[in-house]
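What's counted below: heavy atoms across the whole structure, side chains too, no hydrogens, waters or symmetry copies.
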Amino acid sequence: MNKALAALVFVAFGAPAMAQMSPVGLWKSLDDKTHAPKSEVRITDNGGVLTGKVERVLREGADPHAVCDKCADDRKGKPVVGLEIIRGAKKVEGKDVWEEGKILDPENGKTYTLRLTPVEGGSKLEVRGSIGPFGRTQTWVRVQ
C-alpha cells in the first residue's frame, strides 16, 4: 500500500517536472543583439515530430501583417504570424535533445539544421540553427 501511494505521489509531482523538459509549449524568442522580445513561437508534438509556428510578432515596430517574402519554399508569401518555422525535430534516444529538424529564419528566408535543448528545468530552450559546422544558438524563454 505504501509503495502504491509513493508511486502516485511521484507521478503526481514528478510528471509535470519531466514534461517541462520538452520543447513543447509557448516560447518567447529574443533578439541576439538587443535581447528584446522578437516573437512567440508555439511548439507542438505531432506523433513524436515537433513543429513550431509563430503565434505573435513582438518586435517593436514590426508589421503584424508581414509575409515571408524571402522564403524559397512553400512558405513564400505566407503571413509570418502562423508561419511554421520549425519542422521535423525528433527526440534523440536517451537525451533531452531534439534534432533532425529544420528551422526557418523568416527575416532572411534561410533554413538551418536544428537542435533543441531544454535547459534550466525546461524554463529555457537552447535553439541551435546551423549550416555545416557554422551556426548560432539562441535562448528562448518559456511563456507557458
Side-chain angles (χ1 to χ4, degrees), residues 5-144:
L5 182 59
L8 284 174
V9 168
F10 173 77
V11 169
F13 293 104
M18 288 188 293
Q20 293 298 318
M21 285 306 287
S22 162
V24 173
L26 185 62
W27 298 92
K28 184 183 303 181
S29 69
L30 305 173
D31 185 271
D32 291 340
K33 295 176 185 167
T34 67
H35 303 289
K38 284 175 54 175
S39 65
E40 286 183 354
V41 177
R42 180 163 310 273
I43 299 176
T44 57
D45 184 327
N46 302 301
V49 179
L50 301 185
T51 59
K53 292 183 179 182
V54 176
E55 280 203 356
R56 286 193 328 160
V57 177
L58 303 173
R59 186 179 299 236
E60 190 174 317
D63 178 2
H65 305 291
V67 297
C68 192
D69 54 1
K70 294 182 180 175
C71 293
D73 59 12
D74 61 305
R75 296 170 278 198
K76 184 169 183 67
K78 300 279 172 85
V80 172
V81 174
L83 191 67
E84 186 178 66
I85 62 167
I86 293 174
R87 290 181 170 173
K90 298 176 187 168
K91 190 172 191 312
V92 175
E93 190 172 330
K95 296 182 180 181
D96 287 330
V97 176
W98 283 254
E99 295 179 334
E100 297 184 31
K102 299 287 184 183
I103 187 164
L104 168 75
D105 183 342
E107 292 179 5
N108 64 23
K110 294 182 181 177
T111 303
Y112 303 90
T113 299
L114 173 66
R115 182 176 65 228
L116 300 170
T117 309
V119 294
E120 295 185 26
S123 65
K124 294 185 178 179
L125 182 65
E126 290 182 350
V127 180
R128 174 118 180 123
S130 57
I131 295 177
F134 305 102
R136 71 176 198 235
T137 302
Q138 291 183 337
T139 301
W140 293 2
V141 178
R142 187 180 294 276
V143 175
Q144 63 182 34

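- A search for side chain to side chain donor-acceptor pair (under 3.5 Å) contacts involving Trp140 returns Gln138, not counting sequence neighbours.
- Here the closest non-hydrogen pair linking Glu84 and Lys53 is CA-CG, 3.8 Å.
- Inter-residue side-chain proximity for Pro64 and Val81 is flagged as unmet; no heavy-atom pair is nearer than 4.5 Å.
- For the atom pair CG of Leu50 and CD of Glu99, the computed distance is 12.0 Å after rounding to the nearest 0.5 Å.
- A donor and an acceptor atom, one from each side chain of Thr137 and Arg128, are located under 3.5 Å apart.
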Full working for side chain to side chain contact (heavy atoms under 4.5 Å, CB included) between Val127 and Leu116: CA-CA 5 Å; Val127 180; Leu116 300 170; 3.9 Å; yes
Test side chain to side chain contact (heavy atoms under 4.5 Å, CB included) applied to Glu120 and Thr139, step by step: CA-CA 11 Å; Glu120 295 185 26; Thr139 301; over 6 Å; no
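- Other residues, nucleotides and ligands contribute more than 12 heavy atoms inside 6.0 Å of the NZ atom of Lys91.
- By the 4.5 Å heavy-atom criterion applied to side chains, Pro118 and Pro23 are counted as neighbours.
- Across every non-hydrogen atom of Pro79 and Leu83, the tightest pair is O-CB, 3.4 Å.
- Listed for the Arg142 side chain is no donor-acceptor partner under 3.5 Å among the backbone atoms of Leu125.
- Nearest heavy-atom pair, Trp98 versus Ala89, reported as atom, atom and distance to 0.1 Å: CB-CB, 4.2 Å.
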Side chain to side chain contact (heavy atoms under 4.5 Å, CB included) between Thr34 and Glu60, worked out: CA-CA 12 Å; Thr34 67; Glu60 190 174 317; over 6 Å; no
Pair Thr113-Lys102, side chain to side chain contact (heavy atoms under 4.5 Å, CB included): steps then yes or no: CA-CA 5 Å; Thr113 299; Lys102 299 287 184 183; 3.4 Å; yes
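- Val141 pairs by the side chain to side chain contact (heavy atoms under 4.5 Å, CB included) definition with Leu30, not counting sequence neighbours.
- Considering every non-hydrogen atom in both Pro106 and Ile85, the closest pair reads CG-CG2, 4.0 Å.
- Only one option out of Asp73, Leu114, Thr111 pairs with Leu104 in a side-chain contact (heavy atoms from CB on, under 4.5 Å); it is Thr111.
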Show which side-chain atoms of residues 35-47 pair as donor or acceptor with protein atoms under 3.5 Å away, not counting sequence neighbours.
residue: Ser39; atom: OG; partner: Ser29; partner atom: OG; Å: 2.8
residue: Glu40; atom: OE1; partner: Arg56; partner atom: NE; Å: 3.3
residue: Glu40; atom: OE2; partner: Arg56; partner atom: NH2; Å: 3.2
residue: Arg42; atom: NE; partner: Glu55; partner atom: OE2; Å: 2.5
residue: Thr44; atom: OG1; partner: Thr51; partner atom: OG1; Å: 3.1
residue: Asp45; atom: OD1; partner: Gly47; partner atom: N; Å: 3.3
residue: Asp45; atom: OD1; partner: Gly48; partner atom: N; Å: 2.6
residue: Asn46; atom: ND2; partner: Thr51; partner atom: OG1; Å: 3.0

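- At distances below 3.5 Å, at least one donor-acceptor pair connects side-chain atoms of Lys76 with backbone N or O atoms of Asp69.
- In this structure, Arg75 places its CZ atom where more than 12 heavy-atom neighbours from other residues, nucleotides or ligands lie under 6.0 Å away.
- For the pair Cys68/Lys78, no side-chain contact is recorded, criterion being any heavy-atom separation below 4.5 Å from C-beta on.
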